[in-house]
Number of protein chains: 4
Amino acid sequence: MNERRKTRQPWNSFQVRKRDPEVKRDAVLLTAAHLFLEHGYRRTSMSELATRLNITKPALYHYFQNKEEIVVECYRRGIAVIENGLDNVLVSPSDGFHKVKAYVQAYATAIVQHEFGRCVAMLDDGALSQGTRREVRALKRRIDATLRSYIEQGMKDGSIAACDAKLAAFAIAGAVNWIGTWYQPGGPLTAEVIGAQFASLLTDGLHGSGNVSSAAGLARRDQTNARDRTASSGD
Amino acid sequence: MNERRKTRQPWNSFQVRKRDPEVKRDAVLLTAAHLFLEHGYRRTSMSELATRLNITKPALYHYFQNKEEIVVECYRRGIAVIENGLDNVLVSPSDGFHKVKAYVQAYATAIVQHEFGRCVAMLDDGALSQGTRREVRALKRRIDATLRSYIEQGMKDGSIAACDAKLAAFAIAGAVNWIGTWYQPGGPLTAEVIGAQFASLLTDGLHGSGNVSSAAGLARRDQTNARDRTASSGD
Amino acid sequence: MNERRKTRQPWNSFQVRKRDPEVKRDAVLLTAAHLFLEHGYRRTSMSELATRLNITKPALYHYFQNKEEIVVECYRRGIAVIENGLDNVLVSPSDGFHKVKAYVQAYATAIVQHEFGRCVAMLDDGALSQGTRREVRALKRRIDATLRSYIEQGMKDGSIAACDAKLAAFAIAGAVNWIGTWYQPGGPLTAEVIGAQFASLLTDGLHGSGNVSSAAGLARRDQTNARDRTASSGD
Amino acid sequence: MNERRKTRQPWNSFQVRKRDPEVKRDAVLLTAAHLFLEHGYRRTSMSELATRLNITKPALYHYFQNKEEIVVECYRRGIAVIENGLDNVLVSPSDGFHKVKAYVQAYATAIVQHEFGRCVAMLDDGALSQGTRREVRALKRRIDATLRSYIEQGMKDGSIAACDAKLAAFAIAGAVNWIGTWYQPGGPLTAEVIGAQFASLLTDGLHGSGNVSSAAGLARRDQTNARDRTASSGD
DNA sequence: GATGAATGAGCCTTCATTCAT
DNA sequence: TATGAATGAAGGCTCATTCAT
């Protein structure tokens with residue numbers, strides 16, 4: 001509960017009492033991520049950010065050197081959140097196909113649950129300076145590389161049919177990243193539902209999983225519920 | 001060949017003073033689409049566009065009232081290109097599954113082949129004015145609705161497993177729209193290859209198509225080639 | 001009727017048939033005066049004028065060298081209209097007081113009846129170039145000088161009480177020029193009514209004319225009607 | 001004296017960095033009013049205003065959101081100045097005729113003495129946006145309504161001859177507003193002289209006040225002086 | 001440490017005017 | 001003669017960033 005409140009009005013930390021600077025930095029980042037996702041990086045002005053945080057513009061420059069440094073930090077946290085989720089996949093000893101499936105689920109969940117995660121998926125890095133863009137892209141690529149390696153592993157161990165691993169990775173990453181485009185934080189779709197559906201759709205395809213196991217049956221039930229609950233979502 | 005050249009340096013058309021004005025409008029749009037895709041809508045200034053076209057800034061206002069009118073026209077043409085491609089799907093009398101597959105192929109092809117198509121997929125409509133945004137979104141939604149209707153048809157005719165049609169459509173559309181993010185016009189990947197691969201991946205899943213037909217064998221060969229040729233692509 | 005139509009859609013002359021160029025110049029001037037009075041000189045663009053006349057912009061430059069030349073000609077015609085009206089005053093052999101009275105009536109009538117007359121009263125000559133402004137001001141001053149001379153004559157012949165002739169002239173001219181600010185061409189007030197009322201108010205004052213003659217009685221009746229009919233006018 | 005200097009070169013206030021922000025706003029407004037009256041609203045650019053104030057253009061946007069907000073504030077202050085002057089008229093318990101006379105004097109004085117007052121009389125509100133124009137016109141109308149009510153009262157109590165109150169109000173307001181057209185701040189005419197003369201001319205007419213009282217005699221002497229001193233004024 | 005004020009650079013747009021045809 | 005196209009100059013406004021206090 002308390003957690004929730006902080007998330008929704010992080011700028012309060014500035015007013016209520018003096019906290020340690022790390023908390024303030026966090027508040028700035030969270031609000032910034034919010035605005036960046038809502039209006040885009042370019043269209044979010046430092047003034048707007050400051051206003052939302054109930055502080056003055058120069059105060060922002062106390063915590064961050066640049067507007068750019070703010071986004072970059074959003075990116076970094078987002079990447080961390082995502083990679084954290086993906087780490088769980090690595091430990092499970094399974095074939096490539098199931099690793100990809102778990103990957104999708106983890107990635108989608110991270111993007112749905114964390115604003116920073118959505119920043120990674122949605123923010124246009126074209127506005128960044130060259131140096132920064134390089135860093136951000138390197139981070140992103142690391143995630144892509146992981147996915148590609150799973151796919152390649154799957155092709156080797158026979159769990160995935162021969163295909164262009166790069167294209168397959170692009171397709172999957174695209175579908176997942178795109179979530180940020182239509183996902184509405186307050187909506188009826190939970191991270192679990194989205195994650196499960198995407199994992200199934202992007203690995204099993206539209207026919208559903210080949211052997212209808214009990215797991216598949218369960219999944220299908222979930223999907224049905226999801227459909228019902230979603231009825232009114234979308235933009 | 002000659003055609004190709006004009007496409008790549010459309011601003012040349014302005015060198016000659018008297019020309020069919022429609023040709024010039026086209027040149028503006030093509031160059032604009034180019035720049036919008038490269039730097040984003042906001043970061044592309046009218047000055048830059050004019051410079052690239054070897055004309056002065058006010059001359060642009062001869063052909064378009066607004067900067068916004070330029071993007072909107074890009075959007076419109078993109079939508080037209082895409083819907084044109086999708087029309088071929090409609091005529092083929094087949095089950096929902098195969099319609100979706102054909103849809104993916106057609107959509108992906110349109111996005112890869114036409115800059116305007118990529119504009120639809122990539123440009124952030126958040127920079128538009130309310131009225132214009134509404135129009136653009138209505139157009140986009142029409143495409144999404146088509147896809148969703150195919151999925152629903154597939155679930156009815158049994159060719160597609162039960163799932164949340166809305167989520168499935170989002171996944172597919174996301175994967176395809178994302179192509180604009182990584183696709184490099186000069187690269188080795190052809191529209192056919194990308195289209196075929198995406199169609200297969202997003203409908204059959206990673207296991208590949210159930211019955212390995214000769215067609216599937218052919219596809220697999222293509223994919224392998226694609227992978228080799230792509231080796232150095234990506235951002 | 002025919003007259004009326006020409007006044008309201010003078011640009012038709014361009015379309016219907018080729019007339020001698022003088023007619024076209026007139027059409028331009030009339031439309032220009034219209035727009036200048038409606039939106040002001042600066043806010044009326046040559047494009048707008050051309051559009052209203054159903055001709056192209058460069059065509060305007062065929063009849064006039066400048067935008068400025070257009071207004072100047074409006075001024076000139078307006079001055080001519082006014083001075084024409086004032087000439088009738090000169091011939092009548094009477095004392096200064098009655099000359100002023102007749103002057104007011106004539107001036108007010110000219111301003112109410114002719115758009116060019118209103119241009120003289122309303123258009124801000126601050127937008128003109130120095131040379132042109134000098135000419136226009138000289139023309140205007142001539143009118144003012146006439147009024148002042150009447151007032152001075154009146155003071156000499158005893159029909160007007162001692163006062164600062166310059167200030168008195170300013171007061172009268174201001175009241176009359178201001179008519180253009182509130183006068184609505186289609187409204188219920190006729191030129192005669194306005195002229196008579198202003199002549200009376202600005203010379204006799206608010207007490208009315210000293211000796212209530214039959215003429216005064218008539219005037220009073222007119223005024224009452226005017227008031228009734230005006231009820232809803234004004235901006 | 002010191003006060004006077006500040007009024008004439010208000011932009012000096014900006015030289016000192018830290019100042020009461022209200023003072024700076026005032027300086028901007030005063031300089032703006034100056035320029036607006038000199039060149040007109042449209043022809044006064046924000047650059048020019050900034051230059052005159054020895055600041056940069058964007059600094060202006062610290063104190064006002066818009067160019068329009070600057071004029072509107074000029075209007076508001078002008079209206080306040082005028083209504084303030086008119087309030088004194090209300091208290092005096094007299095007939096309509098004398099109220100009108102006092103009104104003219106007060107109005108004329110306000111316009112002559114305050115640049116903001118002159119803004120109300122002179123600035124063309126046609127350049128304003130619809131919403132703003134509505135506000136300004138409503139304010140202006142309030143002043144006009146006051147005058148009209150005095151005239152109507154005068155007609156009822158018999159101190160003013162029957163006439164069209166609306167036209168009479170227009171005539172008087174026009175004469176007074178026009179003052180801004182010819183009045184030169186540095187010239188020899190004082191506010192008192194102008195106010196007294198206009199009050200007399202616009203209510204008593206050119207014959208002078210009916211009963212020549214000692215007051216009238218005094219007035220006549222003032223007028224004579226005024227004329228002498230004015231000799232070189234006018235535009 | 002925090003703030004009100006200020007700035008330089010840049011962007012979209014308008015307009016009177018002139019070519020080239 | 002008449003026109004579609006083009007232009008130079010300027011204007012209002014925004015924004016990330018930095019002083020001076």
Side-chain angles (χ1 to χ4, degrees), chain A residues 14 18 21 24 41-50 55-70 127 129, chain B residues 14 16-21 24-25 41-50 53-70 127, chain C residues 14 18 21 24 41-50 55-70 127 129, chain D residues 14 16-21 24-25 41-50 53-70 127:
Chain A
F14 278 99
K18 301 265 177 187
K24 297 191 186 176
Y41 172 61
R42 281 292 289 254
R43 281 188 301 283
T44 302
S45 72
M46 293 294 267
S47 297
E48 198 181 341
L49 179 54
I55 60 174
T56 61
K57 232 185 308 182
L60 284 176
Y61 287 87
H62 218 65
Y63 298 103
F64 299 90
Q65 289 227 327
N66 267 341
K67 189 185 178 186
E68 192 165 304
E69 208 186 74
I70 298 181
S129 71
Chain B
F14 276 98
V16 182
R17 184 144 184 139
K18 199 80 182 194
R19 275 277 181 104
D20 178 15
K24 297 197 188 175
R25 249 184 89 99
Y41 172 61
R42 284 290 288 258
R43 280 187 302 283
T44 303
S45 73
M46 292 295 264
S47 294
E48 198 181 341
L49 178 53
L53 286 161
N54 265 105
I55 58 173
T56 59
K57 227 189 312 181
L60 286 174
Y61 290 85
H62 253 285
Y63 299 98
F64 300 90
Q65 290 227 325
N66 264 342
K67 189 184 177 186
E68 190 164 306
E69 210 188 70
I70 299 181
Chain C
F14 278 100
K18 300 264 173 187
K24 297 193 187 174
Y41 172 61
R42 282 292 289 256
R43 280 189 302 283
T44 303
S45 71
M46 293 295 266
S47 296
E48 197 180 342
L49 179 53
I55 60 173
T56 61
K57 233 184 308 180
L60 285 175
Y61 288 86
H62 217 65
Y63 298 103
F64 299 90
Q65 290 227 325
N66 267 341
K67 189 185 178 186
E68 192 165 305
E69 207 187 74
I70 298 181
S129 71
Chain D
F14 275 98
V16 183
R17 184 144 185 138
K18 200 77 182 193
R19 274 278 182 107
D20 179 14
K24 296 196 189 177
R25 250 184 87 99
Y41 171 62
R42 283 291 288 257
R43 281 188 301 283
T44 303
S45 72
M46 292 296 266
S47 294
E48 198 180 341
L49 178 53
L53 286 160
N54 265 106
I55 59 174
T56 59
K57 223 189 315 180
L60 286 173
Y61 290 86
H62 253 284
Y63 299 99
F64 299 90
Q65 290 226 324
N66 265 341
K67 190 185 176 186
E68 191 164 305
E69 209 187 72
I70 298 181

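Given the structure is predicted, the values throughout are model-derived calculations rather than measurements. Lettering of chains follows the sequences in order, A, B, ..., and the numbering in each one begins at 1. Just the heavy atoms: all of them, side chains too, but no hydrogens, waters or symmetry mates, feed the values below.
Here F:dT17 is the nucleotide among F:dA6, E:dG8, F:dT17 with the atom lying nearest to any side-chain atom of A:Met46. If you check F:dT7, E:dA5, F:dG11 against the side chain of D:Ser45, the one that comes closest is F:dG11.
Note that the two end axes of the helix from E:dA2-F:dT21 to E:dT21-F:dA2 enclose an angle of 30°, each drawn from 5 base pairs, rounded to 10 degrees.
Distances shorter than 4.0 Å separate some side-chain N or O of B:Tyr63 from OP1 or OP2 on F:dA6. Listed pair D:Asn66 / F:dC13 meets the phosphate criterion, a side-chain N or O lying under 4.0 Å from OP1 or OP2. Put simply, A:Lys57 has no side-chain N or O that comes within less than 4.0 Å of OP1 or OP2 on E:dA5.
Across all non-hydrogen atoms, the minimal contact from C:Ala50 to C:Thr56 is CB-C, 3.9 Å.
Take the nearest nucleotide of DNA chain F for B:Leu60 and for D:Tyr41: the residue whose nucleotide is more 5' is B:Leu60. Both B:Thr56 and D:Glu68 lie close to DNA chain F; mapped to their nearest nucleotides by heavy-atom distance, the more 5′-ward contact belongs to B:Thr56. Of the two residues contacting DNA chain E, namely A:Ala59 and C:Pro58, the nearest-nucleotide position lying further toward the 5' end is that of A:Ala59.
Every residue meeting the side chain to side chain contact (heavy atoms under 4.5 Å, CB included) condition with A:Tyr61, not counting sequence neighbours, appears here in chain and number order: A:Met46.
Atom-to-atom, CZ of D:Arg43 to C1' of E:dA16 comes out at 15 Å; the value is rounded to the nearest Å. Atom C1' of nucleotide F:dG12 and atom CZ of D:Arg42 are separated by 11 Å, given to the nearest angstrom. Look at OH on A:Tyr61: it is 7 Å from P on F:dT18, rounded to the nearest Å. Separating the CD1 atom of C:Ile55 from the C1' atom of F:dT1 is a distance of 13 Å, rounded to the nearest angstrom.
The base of E:dA2 is not paired with the side chain of A:His62 by any donor and acceptor separated by under 3.5 Å.
B:Glu69 contributes a side-chain N or O that, together with a main-chain N or O of B:Gln65, makes up a donor-acceptor pair within less than 3.5 Å.
Sorted by first and then second residue, the salt bridge (Lys or Arg N to Asp or Glu O under 4.0 Å) pairs with a member in residues 55-68 of chain B form an empty list; sequence neighbours excluded.
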Where do B:Ile70 and B:Asn66 land on the side-chain contact (heavy atoms from CB on, under 4.5 Å) test, with the steps shown first? CA-CA 7 Å; B:Ile70 299 181; B:Asn66 264 342; over 6 Å; no
